[in-house]
Amino acid sequence: MSGDSPATPEEPRGADTELRRLKVRAKEMGQWALQMVHDGWEAFRTGNLVGAQNVLDSDTRLDRFDEEIEHEIITFLVLRQPAAGDLRTAAALLKISTHLDRIGRLGFDMARITTLEVLPDVPELSSVLRSMDLTVESIVQQSLDALVEDQPALALGLFVRDDEVDRMHREAMRLIVRELARDPNSARHLSNELLVARHFERIADNACKIGEKTIYAVTGQRRSEYLPRHPYTPYVLEKSAPE
Amino acid sequence: MANGKMRVEHLSAYYGNRRAIEDISLEFPKNEVSAIIGPSGCGKSTLVRCLNRLHETLPRTRVEGRILLDGEDILELDPIGVRRRVGMVFQRPNPFVTMSIYDNVSVSLRFNGRHSREEIDRAVIRSLQQAALWDEVKDRVDAPAMSLSGGQQQRLCIARALAAEPEVLLMDEPCSALDPVATAKIESLVAELKSEYTLVIVTHNMQQAGRVADNTAFLYLGKLVEVGPTEELFERPKERLTEQYITGRFG
């Protein structure tokens with residue numbers, strides 16, 4: 001038995017600082033990805049090919065963010081050999097950077113389908129898609145705040161908001177199907193709008209995944225422990241199914 | 001932790017008036033590796049020394065509570081018999097310096113005088129094989145034990161402990177004096193030994209506990225803070241103190 005005096009808990013050491021820095025870095029990546037989504041959507045909506053090209057070009061920086069964060073986390077794992085909360089946070093950040101990359105890529109995909117064609121004037125559909133843009137931007141922002149501030153409660157709120165986006169997605173599908181029946185000549189653009197609605201919906205899903213990882217990092221709880229998965233059914237069997 | 005080979009109940013251990021272990025209840029499952037971790041001075045070495053009644057060999061020490069081996073309280077049994085059933089390997093390799101490799105392993109069998117030469121030979125070979133040392137020393141078992149490297153000496157001590165055919169093997173920081181290669185050999189040995197023995201390992205090395213132990217107990221200031229499956233304890237400990245210790249916030 002050692003004769004050393006018993007150790008006592010001390011103030012946080014370097015691991016905290018490194019993890020905090022990594023979270024801030026992830027948030028910066030998130031802001032970049034969000035900007036790509038917003039600009040991608042605007043370019044698509046307005047038929048702005050220059051704006052679309054800017055979004056496509058900004059993907060290189062997104063990739064670099066992903067590589068840098070991955071490199072820093074691997075260095076942290078090797079040098080610190082973390083356990084418990086530190087390990088969970090490092091593992092969560094690795095996944096979160098992948099989700100942020102996917103979010104940015106969905107903005108990229110919107111820019112990619114931008115054409116010079118003018119949108120068919122369907123005010124209801126435009127309104128739903130604009131709402132989706134604003135809502136997913138706010139949801140992703142909330143997921144980043146929850147991550148940086150270690151706020152599982154904030155992260156938990158994302159799941160409710162995701163349902164809201166799912167409803168908008170279904171409404172967009174319903175309107176697009178209706179318009180296709182009315183005006184088959186606008187099929188190409190409407191199908192692109194269908195893709196955009198789908199991209200927004202996926203962005204919200206990725207934000208939820210970020211929330212899930214944040215809750216795991218802070219509390220150690222997996223999603224199945226606090227939010228049992230609700231049973232899914234084919235859309236056609238749901239009340240709010242598109243026509 | 002069902003199927004406890006060894007169990008301590010409300011165990012307290014004293015050095016004079018100072019209580020080094022306070023009211024610990026803990027189970028060591030059969031054929032599993034249990035790690036004990038905690039900062040210096042937390043009582044982990046004292047705890048394992050109680051498990052084969054070595055603690056009482058020091059002056060002004062005493063033990064309260066019960067230590068059950070297969071349901072029998074070892075505090076009521078003959079200490080020599082207990083140590084035959086509960087072997088121990090220490091922090092630093094401590095072979096008998098004047099003896100050969102062979103004699104180090106056979107010494108416990110020869111002292112109790114109930115074995116033939118052939119039985120002792122077989123036991124020495126078996127023990128050296130179990131300790132993963134046989135292939136390295138089979139051509140020189142009469143060489144002095146001190147001619148072995150540090151890692152080999154530690155495996156020789158494990159062979160010596162195994163020769164007595166214990167049921168439980170206690171290891172008090174068995175790798176702390178060894179280099180990474182020798183450490184890796186001891187760790188893989190631990191994994192192999194658990195099919196035949198119940199192992200309790202004290203370690204300062206958290207990653208080692210993570211690698212070798214099925215269960216881990218965290219001690220702090222003589223008290224048991226938390227015990228559970230190793231993976232669980234290292235991924236999401238229940239107690240804040242455990243979290244602080246394994247993430248290096250203190251210790």
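Naming convention: chains lettered A, B, ... in sequence-line order (proteins, then strands); numbering from 1 in each chain. Since the structure is predicted, the reported quantities are computational estimates derived from the model, not experimental observations.
For CZ of A:Arg112, the number of neighbouring non-hydrogen atoms (other residues, nucleotides, ligands) closer than 6.0 Å is 12 at most. In this structure, B:Glu9 places its CD atom where more than 12 heavy-atom neighbours from other residues, nucleotides or ligands lie under 6.0 Å away. The local environment of NZ in A:Lys95 is sparse, with at most 12 non-hydrogen atoms from other residues, nucleotides or ligands closer than 6.0 Å. Heavy atoms of other residues, nucleotides or ligands lying less than 6.0 angstrom from CZ of A:Arg61 number more than 12.
Residue A:Ala84 comes nearest to B:Thr247 through the heavy atom pair CB-CG2, 3.9 Å, listed as atom of the first residue, atom of the second, then distance.
In this structure, the side chain of A:Gln81 does not engage the main chain of B:Gln207 through any donor-acceptor pair within 3.5 Å. A donor-acceptor distance shorter than 3.5 angstrom exists from the side chain of A:Arg88 to the backbone of B:Glu235, with no hydrogens or angles considered.
Listed by sequence position, the residues of residues 65-76 of chain A in contact with chain B number zero, using a 4.5 angstrom heavy-atom cutoff.
Interatomic distance, CD of A:Gln221 versus CZ of B:Arg236, reported as 7.0 Å (0.5 Å rounding). With rounding to the nearest 0.5 angstrom, the CD atom of B:Glu243 is 7.0 Å from the CG atom of A:Asp86.
The closest side-chain heavy-atom distance from A:Asp16 to B:Arg249 is below 4.5 Å.
With sequence neighbours left out, the side-chain hydrogen bond (donor to acceptor under 3.5 Å, both in side chains) criterion links A:Gln141 to no other residue.
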